[in-house]
Amino acid sequence: MNTFDRRMAVLKCLFLRRHDTIYNLAAEFCVADSTMRKDIDSLAYSFPIYTVQGRGGGVFVLERSRNEFMTKEQTAFLEKLMKKLSEADLKVMKEILVRFGWRE
């Protein structure tokens, strides 16, 4: 896995989990803690993630509501559309929406 692919996989994990530690992520992706710190620092420039040091700290995804990204009309449209999707298509749509901060 190259650096870009690893960073995108880390980002996906963070958006799904909302919180993790550098140590857990480094172990999961088989890289040094320092490498994971560089990855997180790089991702933080473009994505809503931040770190907190100390007890209870780690890497967090900034909580945003879907309304920060979409209008009420767009949200209503997607909710209407989701009711008509097959189970497989619904899974794909939810993965896309989670990537953009959607919280059910």
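Below, all heavy atoms of this structure are taken into account, side chains as well, without hydrogens, waters or symmetry copies. Fair warning: this is a prediction, and the values are worked out from it, not measured in the lab.
With H19 contributing its side chain and L14 its backbone, the two residues share no donor-acceptor pair below 3.5 Å.
Of the N and O atoms on the side chains of N24 and T21, at least one donor lies less than 3.5 Å from an acceptor on the other residue.
In this structure, Y23 is not a member of the same hydrophobic cluster as V31, with clusters built from ILVMFWY side-chain heavy atoms closer than 4.5 Å. Residues M36 and Y45 fall into different hydrophobic clusters, defined by Ile, Leu, Val, Met, Phe, Trp and Tyr side chains chained together at heavy-atom separations under 4.5 Å.
What you find for D33 and I22 is that their closest heavy atoms are O-CG2, 3.8 Å.
Using the six-membered ring where Trp is involved, F60 and Y50 have ring planes that are parallel, under 30° apart on the 30 and 60° scheme.
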(Q) The test is salt bridge (Lys or Arg N to Asp or Glu O under 4.0 Å); show your working for R17 and D20 and say whether it passes. (A) CA-CA 7 Å; R17 297 176 192 159; D20 211 332; 2.6 Å; yes
Q.
Using the rule given for side chain to side chain contact (heavy atoms under 4.5 Å, CB included), can you reason through E28 versus V10, listing the C-alpha separation, both sets of side-chain angles and the distance that settles it, and then say yes or no?
A. CA-CA 9 Å; E28 183 174 343; V10 167; over 6 Å; no
Q: In sequence, state the C-alpha distance, the side-chain angles, and the governing distance for L43 and V59, and then conclude on side chain to side chain contact (heavy atoms under 4.5 Å, CB included).
A: CA-CA 11 Å; L43 289 168; V59 184; over 6 Å; no
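Counting heavy atoms from C-beta outward, F47 and S42 have side chains that stay 4.5 Å or more apart. Side-chain atoms of T3 and D39, non-hydrogen and from C-beta on, do get closer than 4.5 Å to each other. Inter-residue side-chain proximity for R6 and T35 is flagged as met; some heavy-atom pair is nearer than 4.5 Å.
Going from atom CZ of R7 over to atom NZ of K38 covers 9.5 Å, rounded to the nearest 0.5 Å. In this structure, K83 NZ and L78 CG are separated by 12.0 Å, a value rounded to the nearest 0.5 Å. For the atom pair L62 CG and I49 CD1, the distance stands at 10.5 Å (nearest 0.5 Å). With rounding to the nearest 0.5 Å, the separation of CG in L25 from SG in C30 is 12.0 Å.
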